[in-house]
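Remarks on the structure that follows.
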Number of protein chains: 2
Amino acid sequence: MPPSPNAHGRTRIRREEVGATRRERKQRTREALIDAALRLLEQESFSSLSLREVAREAGIVPTGFYRHFENMQELGLALVDRSFRSLREMLRDARATADGDQRMIRRSIAVLVADVHEHRTHFRFIARERSGGVASVRQAIRSQIRLLGSELATDLARLPVLASWSTDDLQMLAALLVGVGVSAADALVDVAPGDEETEQEIASAAERQLRLITLGVPAWRSDQGGA
Amino acid sequence: MPPSPNAHGRTRIRREEVGATRRERKQRTREALIDAALRLLEQESFSSLSLREVAREAGIVPTGFYRHFENMQELGLALVDRSFRSLREMLRDARATADGDQRMIRRSIAVLVADVHEHRTHFRFIARERSGGVASVRQAIRSQIRLLGSELATDLARLPVLASWSTDDLQMLAALLVGVGVSAADALVDVAPGDEETEQEIASAAERQLRLITLGVPAWRSDQGGA
DNA sequence: GGTTTCAGTGTACATGTGTACTCCAAGATA
DNA sequence: TATCTTGGAGTACACATGTACACTGAAACC
């Protein structure tokens, strides 16, 4: 624990603070709580994060927390929501604007890398809690990722190469592709902030992995099982 | 928190317990601590696990913990070690005894599924902490998984189809295959204990994913970049 | 058989926790 | 203007936590 608990740039909210309507100020405190949590999550995991800690970092008194969230778990769900909001749209856009599977792959990876870059804290949270401690948070994250997969499967179904594929096989493929993305994001989150080279390597590896997979697609026959 | 903290079958260790040499008894208590931790980790994450909790569950007094581990983090590393010990050998064996890539895939997945089945607690721990809270534990797990990848890459290099591949591409392929395995294990850990059907589905999906990847292999050309 | 070692005990303490309660000042509403 | 509503403050309490310290009795050793 750092010696000075309120040391670095937390968002102090005070009654005296200038601010417009009451709703706006409440909203702002809510944001401050979310941001405070994300900031603290760079150092520790969600399940070991305490209500008091978050409140302190946000600059309000512990009991004030309850005006915004019933408990920490609810804060967790808000964090999941916040973290996934933009990514899903951006990915869908990326697939819509660029068709042709190779271009789609490059675009999607680029979007992912850029988003991880810009919202590192969100992705660190997601990566850490995807299999992590608090059950409801974990489930929320997984359901978001599953959604990502379904959306991808729907788009894939429109590609000529995949026209003859069964829904089951499409889901399998989509899950595989999403898995590669998740692994890449996982790896990116742990790259030192300045290290663009490693970042580039991870992106390139993910791209090549996706490309390898697409190479298998034309040869796929659902029923071929044995050696 | 459950009403009776010492309720279910924890391993009580007492001075009066019959036991042979002093070393053996110390070893047994150490095991009891590890087992206690694994038991508790079914309900909560490692970073929110307390030293007192583990000691209590193992049937010793809090301060007794220090006779075995310097702190919780060291316990965590012991858990990582314990969890990976058997799997790596089993996987290497599986690849050694069955050559021919399709058979290798089937065998490896079978080994993984069986091991997850038998040591569910280990894999739950690994899955949860792989991206989880305590840095040193996370790093230990990742290095084990990376090792898994390197070992696989070495074995892959011996396959005729991959003879011409660069080391870099082999690493990329190995990472992809290991990634599929990790995802599968992730999913398996959350299957309800009795539900063999879902288990079978996950295994089958992973197998198909691996098969699809191998289909891409003959078509791979390292330098082909564009659409 | 006497001495040493040491795994596990028991006590103690300062600190952090979640949450119940009352209070208040400023925004909302009439 | 007077009244109501409500974010947030302040106080309080009953816990749980990590670890320091002195202890004990049996195994290990001479």
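Quantities reported herein were computed from a predicted structural model and do not represent experimental measurements. So that the names make sense, note that chain A is the first sequence line, chain B the second, and so on, each numbered from 1.
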Could you list all the salt bridge (Lys or Arg N to Asp or Glu O under 4.0 Å) pairs where at least one residue sits in residues 70-80 of chain A, not counting sequence neighbours?
none
Atom pairs and distances, side-chain donor-acceptor, residues 107-118 of chain A, under 3.5 Å, sequence neighbours left out:
unit_1: Arg107(A); atom_1: NH2; unit_2: Thr97(A); atom_2: OG1; d: 3.1
unit_1: Ser108(A); atom_1: OG; unit_2: Met104(A); atom_2: O; d: 2.8
unit_1: Asp115(A); atom_1: OD1; unit_2: His119(A); atom_2: ND1; d: 2.9
unit_1: His117(A); atom_1: ND1; unit_2: Glu199(A); atom_2: OE1; d: 2.9
unit_1: His117(A); atom_1: ND1; unit_2: Glu199(A); atom_2: OE2; d: 3.3

Write down the protein N/O and nucleotide N/O pairs, taken from nucleotides 11-13 of chain C, whose separation is under 3.5 Å; answer none if there are no such pairs.
none

So, using side chain to side chain contact (heavy atoms under 4.5 Å, CB included) as the criterion, who are the partners of Asp81(B) when residues are at least two apart?
Arg85(B)
Please report, rounded to the nearest Å, how far the P atom of dA16(D) is from the CG atom of Leu49(B).
16 Å
State which residues pass salt bridge (charged side-chain N to carboxylate O under 4.0 Å, His left out) with Arg23(B); sequence neighbours excluded, sorted by chain then number.
none
Which residues in residues 65-78 of chain B have at least one heavy atom lying under 4.0 Å from any atom of DNA chain D?
Tyr66(B)
Residues passing the side chain to side chain contact (heavy atoms under 4.5 Å, CB included) test with Arg128(A), sequence neighbours excluded, are Arg124(A), Asp190(A), Arg138(B)
Could you state the CZ-C1' distance from Arg56(B) to dA16(D), rounded to the nearest angstrom?
8 Å
Sorted by chain and number, sequence neighbours left out, salt bridge (charged side-chain N to carboxylate O under 4.0 Å, His left out) with Glu207(B) holds for Arg106(B)
For the helix from dG1(C)-dC30(D) to dA30(C)-dT1(D), measure the angle between the helix axis at one end and the axis at the other, each built from five pairs, rounding to 10°.
20°
Please confirm whether the shortest side-chain N or O distance from Ser50(B) to OP1 or OP2 of dT17(D) is below 4.0 Å.
yes
Taking only residues two or more places apart in sequence, or in another chain, which ones meet Thr63(B) in a side chain to side chain contact (heavy atoms under 4.5 Å, CB included)?
Val61(B)
Taken in chain and number order and not counting sequence neighbours, the residues that satisfy side chain to side chain contact (heavy atoms under 4.5 Å, CB included) with Ser143(A) are Arg146(A)
Could you tell me which residues satisfy side chain to side chain donor-acceptor pair (under 3.5 Å) with Glu196(A), sequence neighbours excluded, listed by chain and number?
none
